[in-house]
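If you read the sequence from its start, that first residue is 1, and numbering goes on from there. Whatever order the structure lists them in is the order used to number ligands and atoms, beginning at 1.
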Amino acid sequence: MKKRPVLKPLLTVMIMSLCYLSAGCSARPIDTGPESDIKEDDLVVVGFSQVGSESYWRNVNTESMKSVFTRENGYRLIFEDAQQKQTNQITAIRSFIQREVDYIVLAPVVETGWDTVLSEAKEAGIPVIIVDRKVDVSDDSLFTCWVGSDFELEGKLVCMWMSKFFNLKGIDPNEIHIADIQGTLGSSAQIGRTKGFDDMASLYGWNVAAHEEGEFTKSKGKEAMSEILKKHGNVNVVYCENDSEALGAIEVLEASGRKCGSDILKGETMIVSFDGFNEDARAAVAAGKISCIGECNPMHGPRVESIIRKLEAGEKAEKYQYVTEGIFSDTDLIPTVMISGQERSVTVITERDL
Ligand code: GYE
């Protein structure tokens with residue numbers, strides 16, 4: 001690997017901020033001097049292979065990464081958009097290895113198929129940080145660590161919220177006809193959210209009408225919703241595995257003359273989804289069209305950056321780092337949901353919060 005002084009600009013920033021804080025000043029951006037003062041060789045080079053730009057979540061996530069891996073912070077980011085294709089990600093990783101980057105950050109589109117390319121990175125001595133979705137590899141020393149969400153738990157939380165809601169409204173589980181619009185098949189977010197859904201639906205005794213693939217996009221979400229309506233007209237709840245799909249599903253349902261909302265006894269179709277970091281989806285919650293969103297936090301940039309700081313300082317990073325998440329809803333009827341002995345809060349989104 002190429003020789004480089006250990007995160008010099010970063011150390012300068014840290015020392016400067018310590019001096020600043022100890023001088024009792026209030027926080028303000030640290031002046032690291034003109035960009036031209038930062039020498040190319042001092043920068044930590046990070047190759048980031050991003051899934052694509054399939055959803056609102058993904059765009060926020062990309063911004064979060066780009067906002068921390070800046071020159072001012074001591075980095076040179078090589079960003080590669082894989083357009084949802086694993087082969088593009090493999091090509092990107094190989095090019096990062098060739099360019100002798102200091103770190104590889106991978107947001108994998110699917111879980112399997114990484115053994116060979118990650119072995120190549122390991123042989124080249126480049127640490128690999130996995131972010132968001134996981135990789136399923138035979139030897140977990142092929143990556144340094146992972147940071148992201150517990151997708152199965154997210155799925156369970158949303159189902160628990162629904163079950164509580166149905167109980168409060170006196171809706172019998174038998175009356176629930178629910179369809180799942182799935183994310184990209186084989187991705188951790190899909191695997192976890194579908195499993196959480198399947199397990200809880202069978203536990204509660206809901207009628208599962210369909211699983212239809214929506215690829216985490218609004219356009220595929222629309223197609224999936226149209227298919228479901230054609231084949232299963234009695235569906236009264238739609239579990240969308242992300243907000244982009246939910247917004248697509250709402251468009252189709254409304255165009256078919258249905259009303260989206262939680263009053264399913266009066267013929268409304270309940271929509272639940274995941275993410276919660278998009279204005280349109282939050283507005284749909286405030287308007288009562290999405291009843292509940294399982295939070296999925298996309299702000300991984302600072303998390304990955306602090307892992308790199310640790311590694312640069314010669315410390316070990318925790319192998320798996322899960323982000324704690326809650327629920328967003330249009331109602332305060334259910335203030336919390338308990339899972340595995342932990343309380344997860346339900347944040348109500350109203351028009352005023354938009
Ligand atoms: O929920 C979805 C995105 O992997 C957590 O991917 C991520 C998911 C997110 O396309 O909107």
Taking only residues two or more places apart in sequence or in another chain, which ones pass ring pair (Phe, Tyr, Trp, His ring centres under 6.0 Å) with F48?
->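 Here the qualifying residues are F79.
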
Around ligand 1, what residues show up once you keep those with a heavy atom under 4.0 Å from it?
-> E54, S55, W57, R58, D132, R133, F151, A189, R193, F216, N242, D275, C296

For residues 245-298, pull every pair meeting ring pair (Phe, Tyr, Trp, His ring centres under 6.0 Å), keeping only residues two or more places apart or in separate chains.
-> Y239-F274

Would you say the side-chain atoms of T62 and Q50 include a donor-acceptor pair closer than 3.5 Å?
-> yes

Does a donor on one side chain and an acceptor on the other come within less than 3.5 Å for T269 and N236?
->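 Result is no, nothing qualifies.
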
Side chain to side chain donor-acceptor pair (under 3.5 Å) contacts touching residues 313-324 (sequence neighbours left out) = K134-Y322

Whether over 12 other heavy atoms sit under 6.0 Å from E40 CD = yes

